[in-house]
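What follows is a short report on a single structure.
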Amino acid sequence: MRSAFTLVELLAVLAIIGLLAAAVFGGWPLMQSRADSARCLSNLRSLGIGLNAYLAENNMTMPPLAAARASINEDVPVIDTVLAPFVDDKRAFTCPADHELAQMTGTSYFWNSALSGQQAASLNLFAIVTDQSKIPVLVDKEGWHRFSENRVNHLFADGHAAKELRLFTSP
């Protein structure tokens, strides 16, 4: 009866463990990027809930906001100032993949300023799009989700959030 592994068996086990580790750590950036994108979508849903709370207190009228601001020092009504009282967690204004822009501007998302002041029940985008499931309300400022640079996260007027082709942000 044997009580120990042979050198060949030990090397075979170490080789298998090495291959498994390489497979896991090789895919780590992709997994991390997809997790950040999912958390970003969750943030947009939270902001959508905050927007609905704002609408309930303001006669179902969309807030009159600027699309964004260049610096947090600007006194401009934007989502992170106007919607802040209606959002439980202030981290919702920052996409986890955004490591710079939110610190400079206060948020990782653009507001669709074409919707400012419109009644929520009758939103339209440039008098062309009236289907609320197709009207973007908030959009990632940048395509910082690795492995999907041509797509950004959107919050739509009907409340759903999804990763869509980049329409309103710079390439």
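Note: hydrogens, waters and symmetry copies are ignored here, and every other heavy atom, side chains too, is used. Residue numbers count from 1 along this sequence.
- A pairwise comparison of heavy atoms in Lys90 and Ala84 identifies NZ-O, 2.6 Å as the closest pair.
- With contacts defined as side-chain heavy-atom distances shorter than 4.5 Å, the pair Leu55/Met62 qualifies.
- Using a 4.5 Å cut-off between side-chain heavy atoms of Ile, Leu, Val, Met, Phe, Trp and Tyr, with links allowed through other members, Tyr109 and Leu41 fall into different hydrophobic clusters.
- Looking only at side-chain heavy atoms (C-beta outward), Asn153 and Val139 stay at 4.5 Å or farther from each other.
- Linking Ile, Leu, Val, Met, Phe, Trp and Tyr residues whenever their side-chain heavy atoms come within less than 4.5 Å leaves Ile135 and Phe156 in two separate clusters.
- When side chains are defined from C-beta on, Trp111 counts as touching Leu51, because their heavy atoms get closer than 4.5 Å.
- Here the CG-CG distance, from Leu47 to Asn52, works out to 11.5 Å after rounding to the nearest 0.5 Å.
- A 4.5 Å side-chain heavy-atom check between Cys95 and Leu101 finds every atom pair outside the cut-off.
- Going from atom CG of Leu44 over to atom NE2 of His160 covers 11.0 Å, rounded to the nearest 0.5 Å.
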**Request:** Take Asp89 and Ser46 through the test side-chain contact (heavy atoms from CB on, under 4.5 Å) and record every step on the way to the result.
**Result:** CA-CA 8 Å; Asp89 188 356; Ser46 295; over 6 Å; no

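- Side-chain atoms of Ser116 never come within 3.5 Å of backbone atoms of Pro64 as a donor-acceptor pair (strictly under, hydrogens ignored).
- Residue Leu125 comes nearest to Pro136 through the heavy atom pair CD2-CD, 4.1 Å, listed as atom of the first residue, atom of the second, then distance.
- Side-chain atoms of Lys141 and Thr105 include a donor-acceptor pair closer than 3.5 Å.
- At distances below 3.5 Å, at least one donor-acceptor pair connects side-chain atoms of Thr107 with backbone N or O atoms of Phe93.
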**Message:** side-chain contact (heavy atoms from CB on, under 4.5 Å), that's the test. Do Gln118 and Leu115 meet it? Break it down for me.
**Reply:** CA-CA 6 Å; Gln118 290 190 36; Leu115 304 178; 4.0 Å; yes

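- Its side chain within the 4.5 Å cluster rule, Val13 clusters with Ile17 among the Ile, Leu, Val, Met, Phe, Trp and Tyr residues.
- For the atom pair CG of Leu155 and CD1 of Ile79, the computed distance is 9.5 Å after rounding to the nearest 0.5 Å.
- Counting heavy atoms from C-beta outward, Asp98 and Gln103 have side chains that stay 4.5 Å or more apart.
- For the atom pair OG1 (Thr81) and CD (Glu74), the distance works out to 11.5 Å, reported to the nearest 0.5 Å.
- Applying the side-chain hydrogen bond (donor to acceptor under 3.5 Å, both in side chains) rule to pairs touching residues 58-69 yields Thr61-Gln119, Arg69-Asp80, sequence neighbours excluded.
- Looking only at distances, a side-chain donor or acceptor of Asn43 sits under 3.5 Å from a matching main-chain atom of Thr94.
- Here the side chains of Ser108 and Cys40 are not in contact, with every heavy-atom distance at 4.5 Å or above.
- With contacts defined as side-chain heavy-atom distances shorter than 4.5 Å, the pair Leu138/Phe110 does not qualify.
- Apart from Val78 itself, the hydrophobic cluster it occupies contains Val76, where clustering links Ile, Leu, Val, Met, Phe, Trp and Tyr at side-chain heavy-atom distances under 4.5 Å.
- Residues Val82 and Pro77 form a side-chain contact, since some pair of their non-hydrogen atoms from C-beta on lies under 4.5 Å apart.
- Side-chain atoms of Glu57 do not come within 3.5 Å of backbone N or O of Ala53 as any donor-acceptor pair.
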